[in-house]
Amino acid sequence: MSNVRTRAMAEFATHEAKRFYEDEKPTTDYFGVNVFDMQKMQMYLSEKAFNAVEAAIDHGEKIEREIADQIAAGMKNWAVKMGATHYTHWFQPLTDATAEKHESFSSPIEGKAGSLERKGSFEDFKGSTLIQQEPDASSFPNGGLRNTFEARGYTAWDPSSPAFIMGKTLCIPTVFVAYTGESLDQKTPHLKSIAAISKAATAICRMFDKNVSKVIPQLGIEQEYFLVDEALFNARPDLQACGRTLLGHNAAKDQQLEDHYFGAIPSRVVAFMQDFETEAYKLGVHLKTRHNEVAPNQFEFAPIYGEANISSDQNLMMMIIMKSIAEKHKLKVLFHEKPFDGVNGSGKHCNWSLVTNTGVNLFKPGKTPRTNLQFLCFFASVIRGVYEHNRLLMSTVTSLNNMYRMGGHEAPPTILSVFIGETLSRLVESIENYSDKGVEAVQKKDVKVRSKLHIVNQIPEILPDNTDRNRTSPFAFTGNRFEFRAVGSSANVASSVFVLNTIVAEQLIRFKELVVKYMDDGLSEAKAMMKVIRQFFLESKKIRFEGNGYSEEWRQEAQRRGLSEIRNTTDAFAEYIDKKNIKLFQDLDIMTGKEAVARYEVLNEIYVKKLQIEARVLGDLVTNHVIPTAITFQNSLISNVQGVKELFPDEYKTLCETQLRLIPKISGYINNLSKEVKSMIDARKVANKIEDIPTRAKEYEKNVFPYMHIIRQYTDKLEMVIDDELWPLPKYRELQSFR
Ligand code: ADP
Ligand code: MG
């Protein structure tokens with residue numbers, strides 16, 4: 001018996017662990033070779049050009065045209081020496097993927113008798129080409145920002161993220177904007193939010209240290225992913241088209257024993273990881289950890305944290321590299337948030353902190369009461385910001401994909417809360433209990449409070465250590481950083497982090513204003529700060545939660561507290577066009593109202609497209625794979641019964657009890673499947689008639705989405721009764737295994 005699945009299994013059996021790169025050389029010999037970093041700029045650029053890039057990176061200064069030509073020449077010389085033949089402006093459209101259009105360095109120049117001769121003249125790579133490009137961008141989502149007759153979009157160089165070589169192409173990180181200047185990408189608002197938070201944070205830092213001139217958000221991104229054998233992947237149309245399985249019964253053994261977590265990594269996977277690491281190192285990415293995750297075939301890697309813009313770009317680079325390395329190993333990487341029903345999904349934990357140009361991590365409690373005070377200013381502002389815009393922040397992680405994951409196996413619910421650990425909770429409570437009259441006044445009167453005040457001064461000694469962890473919290477303080485865990489594994493983190501930066505920047509600005517006001521009222525600077533810190537903690541009390549975020553009690557408790565839970569994906573998208581949020585984006589110069597509306601439109605459009613694809617694939621799978629297989633199996637039962645009846649006409653009913661029970665049961669499933677698939681198609685037709693995209697998305701969510709669950713119930717039941725030999729799709733237990 002041979003079908004797609006059995007052939008795939010046979011091929012799978014031939015796939016072996018194999019390395020493609022040798023690690024004969026120490027990592028330091030090739031670390032960063034493919035990156036045009038500061039060191040290489042120093043080698044390839046004139047001093048003047050180098051200084052110009054540095055000024056652009058450090059202070060956002062504009063690069064003059066003539067200097068840009070020099071930089072382009074230097075960059076090109078390096079790239080060509082490295083074997084690059086093409087260059088591309090690498091940008092991040094609103095789809096979460098990255099986009100690139102390759103151009104050859106060499107351009108044909110006119111030769112003899114008007115013939116075009118390829119001469120590798122490199123004429124095309126001038127400063128102007130480095131700085132700006134005009135890709136034919138009409139096929140990228142724009143949410144109405146570009147009319148079809150003016151489909152132009154521009155990409156513009158982001159000097160703060162170094163250019164790199166992937167394959168034989170020089171990739172230049174860029175922003176992507178419309179002809180009219182509005183952003184059409186994830187990087188632009190991210191860069192703007194970095195500038196906004198730097199400005200707001202610097203103003204506060206300078207009250208402590210005049211040497212601070214800049215504050216840089218840092219990101220350490222933990223990337224979870226699944227690996228599936230390529231042959232099995234190719235036998236699953238759902239994995240191919242949607243990145244997740246639309247049907248499939250749970251394996252008898254999946255993650256119950258949790259023996260996969262941190263377990264020995266299968267040899268094929270180790271070989272893949274080692275090759276991936278080699279490529280990552282060449283691209284200057286310090287991969288630090290690699291391990292098995294909880295679900296079968298689920299893994300994670302985490303590089304050492306760095307500047308947010310660069311870390312975010314590097315994460316996207318790594319996602320591309322992983323796919324190509326995996327191919328060599330006959331593996332497929334699944335970045336989907338929920339590739340398998342019934343086991344954990346994948347996230348992308350964003351470890352986020354703020355560091356000054358003087359090297360101080362503002363979320364690290366200090367050694368003196370004064371540095372502790374600075375820590376508290378920032379700590380309180382983050383919590384206050386997350387409270388103020390908790391629904392918006394949660395909305396940034398909401399997507400069709402991630403909603404399959406959220407609230408499920410070991411994933412946070414779609415309610416935002418902040419975990420700060422026992423030590424800091426005690427500290428915050430003690431601050432809340434201060435009297436408004438000021439610190440000393442309280443100290444004199446109340447011994448209890450004095451001892452608590454002591455805590456403020458002692459933070460370094462009772463620092464919450466890394467084991468003080470609550471993994472059920474979507475947003476947790478982990479000693480010297482906050483960890484936003486709700487972000488989905490396939491997301492571009494910039495789409496969440498830009499909001500985080502913005503909402504914290506808003507509170508930092510407010511913080512400073514209040515401090516100035518209270519000082520005008522006669523308080524000392526330190527007392528004014530303590531007063532605002534206390535105010536912020538009191539105002540944001542509801543968002544702090546130390547318990548089990550996965551529990552049903554928490555959902556009820558959150559409801560009592562008035563925290564909002566995101567129940568529908570399309571409702572979450574509406575956060576971008578909420579008046580309060582548009583004002584926030586405008587006030588901080590992150591996005592215009594038009595850009596926010598465009599983002600809203602695009603999210604809805606992506607939602608519709610993805611769900612439409614899922615629904616079509618599911619319909620096809622049911623009609624072309626599942627039902628025919630069920631009929632074949634049912635036929636075999638029928639002929640079996642007929643045969644038995646011929647031989648034992650009197651006893652066949654008893655003898656064929658199982659078969660006779662199964663035959664109508666299978667018919668029932670088949671009929672239900674046909675009926676539901678037809679209803680789903682009808683629901684899609686109704687939805688597709690709706691012109692307005694957000695309304696169409698709502699309709700899809702309400703009336704098409706439920707079928708994804710309804711239909712699979714029957715297919716998964718059929719999978720359990722049908723002869724294993726006949727079943728055409730690789731099963732969960734097979735997809736989730738490696739030798
Ligand atoms: P865990 O899985 O226990 O949360 P990992 O070691 O897998 O921890 O990942 C932690 C991530 O946080 C790493 O990328 C690490 O570099 C990053 N990180 C550590 N300190 C900071 C910090 N101050 N700011 C931002 N990220 C940080
Ligand atoms: Mg982790």
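Just follow the structure's listing: the first ligand is 1, and inside any ligand the first atom is 1.
Close contacts between ligand 1 and Pro303 involve ligand atoms 13 (C), 14 (O), 16 (O) [criterion: under 4.0 Å to a heavy atom]. Shown in contact with Asn361 at under 4.0 Å from a heavy atom are these atoms of ligand 1, numbered in order with element: 23 (N). Every atom of ligand 1 with a heavy atom of Asn480 under 4.0 Å away is listed here by number and element: 23 (N). Atoms of ligand 1 found under 4.0 Å from any heavy atom of Lys288, numbered from 1 in the order shown, are 6 (O). Contact atoms of ligand 1 toward Arg471: 3 (O) (distance under 4.0 Å to a heavy atom of the residue). Which parts of ligand 1 touch Ile304 is read off a 4.0 Å heavy-atom cut-off, strictly below it: atoms 16 (O).
For the pair Asp275 and Lys328, the salt-bridge criterion is not met [side-chain N within less than 4.0 Å of a carboxylate O]. With salt bridges taken as basic N to acidic carboxylate O contacts below 4.0 Å, one links Glu388 and Arg384. Between Arg426 and Glu546, no side-chain nitrogen of the basic residue sits less than 4.0 Å from a carboxylate oxygen of the acidic one, so the salt-bridge criterion is not met.
Considering Leu287, Val355, Asn351, Ile221 only, the shortest heavy-atom separation from atom 25 (C) of ligand 1 involves Asn351.
The shortest N or O to N or O distance between Glu222 and ligand 1 is under 3.5 Å. Taking only nitrogen or oxygen atoms, main chain and side chain alike, Trp352 does not reach within less than 3.5 Å of ligand 1.
Classified by interplanar angle (parallel below 30°, tilted 30° to 60°, perpendicular above 60°), the ring pair His329/Phe272 is perpendicular. Between Phe176 and Phe91, the angle of the ring planes lies from 30° to 60°, which puts this pair in the tilted group.
The closest donor-acceptor contact from the side chain of Glu224 to the backbone of Gly347 lies under 3.5 Å.
For the pair Arg244 and Tyr404, the cation-pi test (distance below 6.0 Å, angle within 45°) is passed.
A heavy-atom separation below 4.0 Å is found between Glu300 and ligand 1.
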